[in-house]
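Right, one structure below, let's go through it.
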Amino acid sequence: MIDIEFITTYYSYFLEGAKITLMISLFGVIFGTFLGIIVCLLKISNIKIFEIVSSAYIEIIRGTPLLLQLYIVYYGLPMALPFELSRMTLGTIAVFLNSSAYIAEIIRAGINSIDKGQKEAAKSLGMSNKLSMRYVILPQAFKNVLPALGNEFITLIKESAIVSVVGIHDIMYNADTLRGITYKPFMPLVYAALIYFIMTFTLSKAIGKIEGSMKKSD
Amino acid sequence: MIDIINLNKKFGELDVLKNINTSIKRGEVVVIIGPSGSGKSTFLRCLNLLEQPTNGDIIFEGKSILNKKMDIEEYRQKIGMVFQQFNLFNNKTVLENITLAPMKVKNLPKEEAHDIAMKLLKRIGLENKRDEYPNKLSGGQKQRVAIARALAMQPKAMLFDEPTSALDPEMVSEVLELMKELALEGMTMIVVTHEMSFAREVAKRVIFMDEGIIVEDDVPEMIFTNPKNPRTRDFLKKIL
């Protein structure tokens with residue numbers, strides 16, 4: 001059943017694809033976190049206009065398909081920009097914009113989970129909102145949401161398969177390519193699934209470990 | 001030092017504070033007692049604007065702190081607060097808890113903030129805990145660190161919101177001793193507490209609050225031995 005020759009001949013397709021998938025997901029979660037923090041802070045800023053804009057952003061992104069967002073970024077952004085962006089960059093932008101909306105909500109939940117006494121103590125010492133956020137609330141919130149961010153990373157590894165439709169050579173795309181050039185319509189898909197699963201399973205185990213060791217220090 | 005004029009606080013339809021009038025003099029230790037729900041904590045929290053009064057005024061050193069032009073963050077630096085639940089910053093070590101505000105709010109250089117903190121830690125006998133996180137401390141230690149943290153800002157007055165209520169009985173005295181020392185040094189203190197022995201021993205004045213009003217306001221000898229108001233008498237009978 002397992003075709004050793006197929007694997008030894010074509011393994012580089014999967015390896016290269018895995019690299020691309022991991023890169024898109026990693027950058028997606030990193031930039032998504034930065035943008036997510038900003039969106040979240042705007043949402044809880046108590047400034048009406050910021051609240052409206054950030055809420056709308058979150059709702060629209062969560063309320064439309066990632067595939068559609070990818071197309072809009074992929075075809076729309078080049079029209080709006082005077083310089084060219086690579087496919088890979090455009091794909092990553094779509095992924096991290098999408099993920100930022102989810103991460104913003106994750107972070108908001110993290111901030112809400114911090115006992116309000118922490119903020120009151122900071123206030124009572126004369127600290128501004130900004131200072132208490134930066135030195136007291138966000139570090140604790142971030143620690144609390146680290147597992148959720150890890151899960152978001154896992155989600156992105158799976159969801160990023162969608163970038164294959166605009167020709168980015170991720171695992172999915174390469175698996176499809178192999179189906180074409182080898183006339184084997186099925187097995188490349190199984191191998192691709194296996195690779196996705198190895199990545200996500202390893203990560204989720206790692207996150208579980210980190211979570212466990214964090215509990216100890218609490 | 002602090003004058004409270006016709007202070008009212010509503011939570012929705014609920015009147016929590018009704019026309020509170022009193023003043024706190026420099027160096028005075030005022031203990032507020034009363035049944036739970038009587039508004040004493042809310043009153044205390046109004047004094048540093050953790051609660052926004054509905055109306056009335058609070059005058060600090062001649063200036064209204066409710067004035068829009070008042071810099072509230074600057075005012076809060078002068079009024080330390082100690083909470084029932086300690087509220088130490090969980091992500092900071094003992095030392096960092098104490099140095100954070102002096103460094104970030106007052107912009108003191110690190111060495112100076114560090115020196116102040118170490119002096120305070122020595123004073124409360126916890127200098128060996130400087131690098132521990134709050135979760136490694138006992139309740140009494142946490143509260144002493146919280147007091148040190150407030151003192152590091154060199155406040156002009158200190159608010160204590162039931163500082164010993166969350167402590168195991170054997171840890172109450174270490175916190176009360178520290179508060180007593182502060183009182184003897186002349187710190188202006190407003191203390192909400194159920195520790196009647198502390199009130200009797202340390203307070204210059206005891207305020208008895210019930211249902212959002214100041215029922216009685218007198219020297220401790222009078223409150224404890226000869227309360228004028230029947231509500232005060234009732235309350236004291238129940239808890240003494």
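As the structure is a computational prediction, the values presented were derived from the model and not from experiment.
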Neighbour count above 12 (heavy atom, 6.0 Å) for [X] [atom1]:
{"X": "E185(B)", "atom1": "CD", "value": "yes"}
{"X": "F201(A)", "atom1": "CZ", "value": "no"}
{"X": "F60(B)", "atom1": "CZ", "value": "yes"}
{"X": "Y102(A)", "atom1": "OH", "value": "yes"}
{"X": "F50(A)", "atom1": "CZ", "value": "no"}

(message) Quick check for you: among E120(A), R134(A), K123(A), K116(A), which has the greatest number of heavy-atom pairs under 4.5 Å with chain B?
(response) E120(A)

(message) Working to the nearest 0.5 angstrom, can you tell me the gap between D71(B) CG and S128(A) OG?
(response) 10.5 Å

Distance-minimising heavy-atom pair for [X] and [Y]:
{"X": "M127(A)", "Y": "F89(B)", "result": "SD-CZ, 4.4 Å"}
{"X": "A101(B)", "Y": "L125(A)", "result": "CB-CB, 3.8 Å"}
{"X": "Q118(A)", "Y": "L88(B)", "result": "NE2-O, 2.7 Å"}
{"X": "G126(A)", "Y": "V105(B)", "result": "O-CG1, 3.6 Å"}
{"X": "F83(B)", "Y": "S124(A)", "result": "CE1-OG, 3.8 Å"}

(message) With heavy-atom distances below 4.5 Å as the criterion, would you say the side chains of I114(A) and N90(B) are in contact?
(response) no

Counting only heavy atoms closer than 4.5 Å, note whether [X] contacts chain A via side chain, backbone, both or neither.
{"X": "N91(B)", "value": "both"}
{"X": "I79(B)", "value": "backbone"}
{"X": "R149(B)", "value": "both"}
{"X": "K104(B)", "value": "both"}

(request) Under 4.5 Å, counting heavy-atom pairs only, tell me which of R45(B), K78(B), E96(B) racks up the most with chain A. (result) R45(B)

